[in-house]
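Heads up: numbering here begins at 1 and tracks the sequence.
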Amino acid sequence: MNSVILQPTGNKDAKTHFEETINSYVELGKLKKYLDKNDIQKLKSIYPDEKIYIWGVTPGEKQVNVNKWNKIKQGDVTLFSADKKIFASAVTTYKVHNKQLAGYLWGTNNKGQTWEYIYFIDELARIDISYEEFNKVVGYKSKNIIQGFGVLNQEKSQKLMEYFEIDSDVYGEAINYDEYKSEIEKLISKESLDNKSTGTSRKEQSFLRKYLFKGKKICKCGICGKELPIELLVTAHIKQRSKCTLEERLDVKNIVMPMCKLGCDDLYEHGYLLVEQGIIMRNEEKVFTKDIDNCISSFENSKCSYWNENTEKYFTAHNDKFLRK
């Protein structure tokens with residue numbers, strides 16, 4: 001499972017580093033002479049535009065930070081804090097121990113150390129979490145202050161990720177199919193108690209998104225075909241999720257498809273769009289305005305790539321819900 005990294009940024013060095021290598025990107029071309037070929041290729045695959053975001057920590061006294069850094073892995077979430085609150089989150093993509101690179105980026109501190117234990121990040125998000133709220137979620141005393149770089153244990157990390165919904169669809173660690181099946185079984189047994197099923201529901205969504213997008217940052221909407229960042233796509237159930245049996249919910253290869261938040265998800269969910277024999281069609285029983293016509297004109301009567309002999313029954317179930325008999 002992924003972990004949460006705590007990174008206070010209250011001192012002068014940390015504030016400067018945040019502005020220079022996280023708030024602003026660093027071009028990969030400027031880093032190449034400090035990296036080996038494997039690192040360069042890996043970073044190119046993660047950052048195709050070669051705009052890199054970087055953080056690093058010093059070894060610390062008696063190498064105190066080294067063991068903590070060794071625990072960091074792809075998908076871990078860093079919480080940046082200052083002025084008694086957590087103001088940003090970011091997701092780990094890669095890490096290197098590279099003293100030369102750190103010296104080039106940040107120089108050295110007043111103890112002669114540099115921030116050589118480096119990790120690269122993505123998905124920077126501005127958040128506003130008070131220490132009081134943070135402490136309540138993880139079970140610390142209310143006046144606890146985040147004082148140093150650290151990696152939380154699995155229990156505390158999971159509580160934070162679920163409560164604040166800060167895990168990554170691209171880099172986060174997916175649960176396996178057996179875990180997913182177990183979570184769905186628990187979810188179905190609890191769905192009449194919405195307040196108790198939230199965490200399990202998020203696990204279901206996390207699994208489905210990681211399954212559907214497979215680590216991609218860009219994917220096509222299954223209806224309009226537009227190529228979009230995955231944050232603008234949802235994992236939509238072809239057949240209404242609440243009407244699916246356990247067996248259907250577990251049919252992950254066929255029950256879900258990506259739909260965009262630009263309109264397709266709502267149009268499909270509310271029955272304005274149907275897929276019949278693989279063709280995306282309007283539901284003539286719905287009221288269409290000129291604006292809806294304009295919205296669907298580019299893809300109406302086109303083929304849906306997610307329709308096949310295995311998904312046909314789910315599209316039919318969707319159609320039957322919205323067509324008068």
Side-chain angles (χ1 to χ4, degrees), residues 2 45-49 51 74-75 77 89-91 93 121-127 161-162 164-175 177 180 183-184 187 198 200-242 244 248-275 278-282 291-292 294-300 302-308 310-311 314-315 317-318:
N2 289 119
S45 69
I46 297 170
Y47 304 95
D49 58 2
K51 296 177 180 179
Q74 187 180 70
V77 176
S89 68
V91 181
T93 62
I121 65 164
D122 199 1
E123 300 184 5
L124 179 68
R126 301 293 177 176
I127 56 180
M161 287 186 177
E162 290 184 356
F164 294 112
E165 298 184 45
I166 53 175
D167 58 329
S168 170
D169 292 329
V170 176
Y171 305 107
E173 193 171 57
I175 60 175
Y177 183 79
Y180 172 68
E183 293 297 337
I184 295 302
L187 181 60
T198 303
T200 308
S201 180
R202 286 174 185 159
K203 288 180 181 178
E204 178 185 13
Q205 277 300 306
S206 176
F207 178 91
L208 290 174
R209 288 184 70 81
K210 289 180 177 71
Y211 172 81
L212 196 58
F213 300 131
K214 295 179 173 61
K216 298 176 183 176
K217 292 184 179 181
I218 305 291
C219 194
K220 288 184 178 181
C221 172
I223 295 293
C224 68
K226 290 177 181 175
E227 198 169 51
L228 299 165
I230 65 166
E231 63 187 356
L232 296 179
L233 296 164
V234 301
T235 52
H237 281 72
I238 297 171
K239 176 182 176 181
Q240 186 180 359
R241 175 176 170 274
S242 62
C244 290
E248 290 171 338
R249 292 269 281 279
L250 295 175
D251 187 16
V252 292
K253 292 182 179 180
N254 301 304
I255 195 62
V256 293
M257 63 185 285
M259 292 189 201
C260 72
K261 298 178 184 179
L262 305 183
C264 291
D265 181 46
D266 277 341
L267 290 169
Y268 182 85
E269 182 180 357
H270 294 289
Y272 287 84
L273 296 175
L274 310 174
V275 178
I279 304 301
I280 300 165
M281 305 177 66
R282 69 173 60 206
D291 288 326
I292 299 178
N294 290 338
C295 181
I296 70 171
S297 62
S298 64
F299 59 84
E300 183 184 10
S302 62
K303 186 175 180 180
C304 175
S305 62
Y306 283 83
W307 186 91
N308 56 52
N310 296 317
T311 61
Y314 298 131
F315 283 112
H318 169 78

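Note that the NZ atom of Lys220 and the OG atom of Ser305 stand 8.0 Å from one another [nearest 0.5 Å]. Separating the CG atom in Asp122 from the CD1 atom in Ile46 is a distance of 8.5 Å, to the nearest 0.5 Å. The CG atom of Asp266 sits 10.0 Å away from atom SG of Cys295, with the distance rounded to the nearest 0.5 Å. In this structure, Lys239 NZ and His318 NE2 are separated by 13.0 Å, a value rounded to the nearest 0.5 Å. Annotation: the span from Met257 atom CE to Cys264 atom SG amounts to 8.5 Å, rounded to 0.5 Å. For the atom pair CG of Leu267 and CZ of Arg282, the computed distance is 10.5 Å after rounding to the nearest 0.5 Å.
Residues Ile296 and Tyr272 are not in side-chain contact: their nearest non-hydrogen atoms beyond the backbone lie 4.5 Å or more apart. A 4.5 Å side-chain heavy-atom check between Cys304 and Phe315 finds at least one atom pair inside the cut-off. Looking at heavy atoms from C-beta onward, Val77 lies in side-chain contact with Met161 at the 4.5 angstrom threshold. Counting only heavy atoms from C-beta outward, the side chains of Met281 and Val275 never approach each other to under 4.5 Å. Between Ser302 and Ile279, the closest side-chain pair of non-hydrogen atoms is not below 4.5 Å. Side-chain contact between Glu123 and Val170 is present, with at least one heavy-atom pair separated by less than 4.5 Å. Side-chain contact between Ser89 and Phe164 is absent, with no heavy atoms from C-beta onward closer than 4.5 Å. Cys260 places none of its side-chain heavy atoms less than 4.5 Å from the side chain of Ile223.
Looking at every heavy atom in both residues, Leu233 comes nearest to Cys219 through CD1-O, 3.4 Å. Taking both residues in full, the closest heavy atoms of Val252 and Tyr211 are given as O-CE2, 3.4 Å, listed atom of the first, atom of the second, then distance. Here the closest non-hydrogen pair linking Phe213 and Pro258 is CE2-CB, 3.9 Å. When all heavy atoms of Gly222 and Ile280 are compared, the closest pair comes out as O-CD1, 4.4 Å.
In this structure a side-chain-to-backbone donor-acceptor pair under 3.5 Å is missing from Lys217 to Glu231. Side-chain atoms of Lys210 do not come within 3.5 Å of backbone N or O of Phe207 as any donor-acceptor pair. Tyr306 places no side-chain N or O within donor-acceptor distance of the main-chain N or O of Gly278, the cut-off being under 3.5 Å. At distances below 3.5 Å, not a single donor-acceptor pair connects side-chain atoms of Thr311 with backbone N or O atoms of Asn254. Without hydrogens or angle criteria, Arg209 side chain to Ile230 main chain gives a donor-acceptor distance under 3.5 Å. For Tyr268 (side chain) and Ile238 (main-chain N/O), a donor-acceptor pair under 3.5 Å exists by modelled atom type.
Remark: Arg241 engages Glu204 in a salt bridge, criterion side-chain N to carboxylate O under 4.0 Å.
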Give the intermediate values and the outcome of side chain to side chain donor-acceptor pair (under 3.5 Å) for residues Tyr47 and Thr93. CA-CA 10 Å; Tyr47 304 95; Thr93 62; 2.8 Å; yes
- Message: Using the rule given for side chain to side chain contact (heavy atoms under 4.5 Å, CB included), can you reason through Leu228 versus Leu262, listing the C-alpha separation, both sets of side-chain angles and the distance that settles it, and then say yes or no?
- Response: CA-CA 10 Å; Leu228 299 165; Leu262 305 183; 4.0 Å; yes
Run Tyr180 and Leu208 through side chain to side chain contact (heavy atoms under 4.5 Å, CB included) and show every step you take. CA-CA 9 Å; Tyr180 172 68; Leu208 290 174; 3.6 Å; yes
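Here the two rings, on Tyr314 and His237, have centers that are 6.0 Å apart or farther.
With a 6.0 Å radius and a threshold of 12 heavy atoms from other residues, nucleotides or ligands, Lys214 has its NZ atom above the threshold.
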